[in-house]
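Along the sequence shown, the residues carry numbers beginning at 1. Indexing begins at 1, ligand by ligand and atom by atom, following the structure's order.
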Amino acid sequence: MRYISTRGQAPALSFEEVVLTGMASDGGLYVPESVPQLDHEALADMAGCSYAEIAFRVMKPYVGGEIDDDTFRGIVRDAYATFSHDAVVPLNQLDANHFLLELFHGPTLAFKDVALQLLGRLLDHFLAKRGERAVIMGATSGDTGSAAIEGCRHCDNLDIFILHPHERVSEVQRRQMTTVLADNVFNVAIEGNFDDAQAMVKASFADQTFLNGTRLVAVNSINWARIMAQIVYYVASAVALGAPHRKVSFCVPSANFGNVFAGYMAYRMGLPVERFVIATNANDILHRTLADNDFSKQELVATLAPSMDIVVSSNFERLLFEAYQRDGAAVAELLERFQDEPSALAEAPLARLREMFASHSIDDATILEVIREAHHRTQEILDPHTATGYRAAERERGDESVPMITLATAHPAKFAEAVVKAGFPGVPLPPHMDDLLEREERYTVLPAELAAVQAFVAENRR
Ligand SMILES: *Cc1c(COP(=O)(O)O)cnc(C)c1O
């Protein structure tokens, strides 16, 4: 399998290269050159298979023979053995045809574990094969850094440095990062805010001389392997509800669009899907684009669903590439214009998107209302991200004979602030984490100075 850029100018890459590369050199994102097909029989054969086996079968064509089957099976099995539920991503039936797909049973209680548990192992495999080491750097406002750390803690060939703003991260979220005491994990508390931390990471990627030639790798959601890993749970959940013999719909709490784009890939591979419902919070660029063709940036709003607080939706570019029928030049032109001024999609591509996607924007007041209402109706306490999905799904039930699967992207204990605001006493951490507040922590406080951070990385990487 070869991978091509959504802007049509960068060289095509192999799977191994695409895992080790972030953005394409033309500013685009990598996508597979062709979409492998899962026919009726292949889907029917998955009934009753374990999650790891379905994962192996769905992802194998994307790996394209670059990892031998036994090794890849082992990588997949190890990645999903870290989940605390035997089904990995269990379905929870809410009513006659509304289901929650619980993606939060991984080590950090949010869906990013599904992709990052695999990506860390894939990176380690390819680095070992090449006899190379790499450094990962990232910045976090608290919610997502831990998934990257957990994904890399067992990797021999990777050192990971995650910057968070000192004393501006909730205790649970800080401890999810700082209690990982592995030798290759470095938590840095920056005496500044999240933007300071992010700016230092960006500057380090732009000029990597401080690493003397060691590769710097990004594990953010533009990495193709993250999308690939997420395709699996769409297939697995649809098969559990009767695919390929009947259709399902999905509702996806969305921000950078990596999650729902993976669903779209499952559909393109042949999974029978009726439609995708996109839920956003008040940061609603996806909803404005689909509903009003208003493809423009707006001020960032801090919401109760912070993992969905974005201005630009980076993976939307991958869907635009398909909507523009893989015309990289047209995508490049649209996105370059969008950088500087409000834009709009051409009519035909927008019409194509509207065939498969509906969208709803859910504000904070509604998130609180939904948490209360869903609890009243189903006894479940939803996390605030999942709450946006629950409400969007309710608004889009459509054909009642088609099951609606809402993706539950985080465990409510991880976002207790919203749950408490909704009037609940809080949510206990799951049993395997109930000693989190007593565990030993390790992190280094540094000033918000690029030179200090880079010196720390250069000295401590192994
Ligand atoms: C990252 C995240 C999202 C948004 O997913 P995208 O792939 O960026 O659309 C939603 N909910 C939670 C809890 C997340 O961590």
Side-chain angles (χ1 to χ4, degrees), residues 29 89 100-117 119 138-151 170 172-173 176-177 219-234 250-266 276-287 289-290 300 303-319 357 359-362 367 370-371 382-393 406-419 427:
L29 306 184
V89 292
L100 276 186
L101 178 59
E102 295 183 352
L103 301 176
F104 52 69
H105 295 280
T108 77
L109 311 181
F111 91 98
K112 290 188 174 68
D113 290 326
V114 178
L116 285 161
Q117 285 297 315
L119 178 57
T140 184
S141 52
D143 41 357
T144 61
S146 55
I149 288 171
E150 286 287 348
S170 80
V172 166
Q173 293 187 354
Q176 283 193 298
M177 301 189 282
V219 295
N220 54 19
S221 73
I222 63 172
N223 191 303
W224 168 256
R226 285 186 57 172
I227 307 279
M228 175 184 82
Q230 293 170 177
I231 297 171
V232 176
Y233 49 71
Y234 288 90
F250 290 99
C251 180
V252 188
S254 294
N256 274 318
F257 207 75
N259 199 355
V260 62
F261 184 75
Y264 176 76
M265 286 301 299
F276 292 99
V277 182
I278 295 167
T280 74
N281 61 21
N283 298 286
D284 60 351
I285 182 168
L286 291 166
H287 175 60
T289 303
L290 279 161
L300 186 75
T303 74
L304 290 171
S307 298
M308 288 160 56
D309 289 350
I310 47 102
V311 173
V312 176
S313 193
S314 50
N315 275 293
F316 191 52
E317 175 161 352
R318 287 186 159 118
L319 185 66
F357 294 92
S359 63
H360 293 274
S361 165
I362 309 297
I367 287 175
V370 171
I371 294 174
L382 304 180
D383 103 285
H385 306 83
T386 306
T388 67
Y390 181 91
R391 178 48 52 93
T406 295
L407 275 52
T409 53
H411 189 289
K414 187 159 184 169
F415 294 96
E417 185 198 338
V419 175
V427 190

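- For Ser359, the side chain to side chain contact (heavy atoms under 4.5 Å, CB included) partners at least two apart in sequence or on another chain are Ile278, His287, Leu290.
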Anything under 3.5 Å between an N or O on ligand 1 and a protein N or O? List each pair with its distance, or write none.
from	atom 1	to	atom 2	distance (Å)
ligand 1	7 (O)	Gly258	N	3.3
ligand 1	7 (O)	Asn259	N	2.9
ligand 1	8 (O)	Asn256	N	2.8
ligand 1	9 (O)	Ala255	N	2.8
ligand 1	9 (O)	Asn256	N	3.3
ligand 1	9 (O)	Phe257	N	3.0
ligand 1	11 (N)	Thr409	OG1	2.9
ligand 1	15 (O)	Lys112	NZ	2.5

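- There is a side-chain donor-acceptor pair under 3.5 Å between Ser314 and Asn256.
- Looking only at atom types and distance, the side chain of Asn315 has a donor-acceptor partner in the side chain of Arg318 under 3.5 Å away.
- Under the rule for a ring pair (Phe, Tyr, Trp, His ring centres under 6.0 Å), the partners of Phe257 that lie at least two apart in sequence or sit in another chain are Phe316.
- A donor and an acceptor atom, one from each side chain of Asn281 and Thr388, are nowhere located under 3.5 Å apart.
- Listed by first and then second residue, the salt bridge (Lys or Arg N to Asp or Glu O under 4.0 Å) pairs involving residues 409-418 are Glu417-Lys421 (not counting sequence neighbours).
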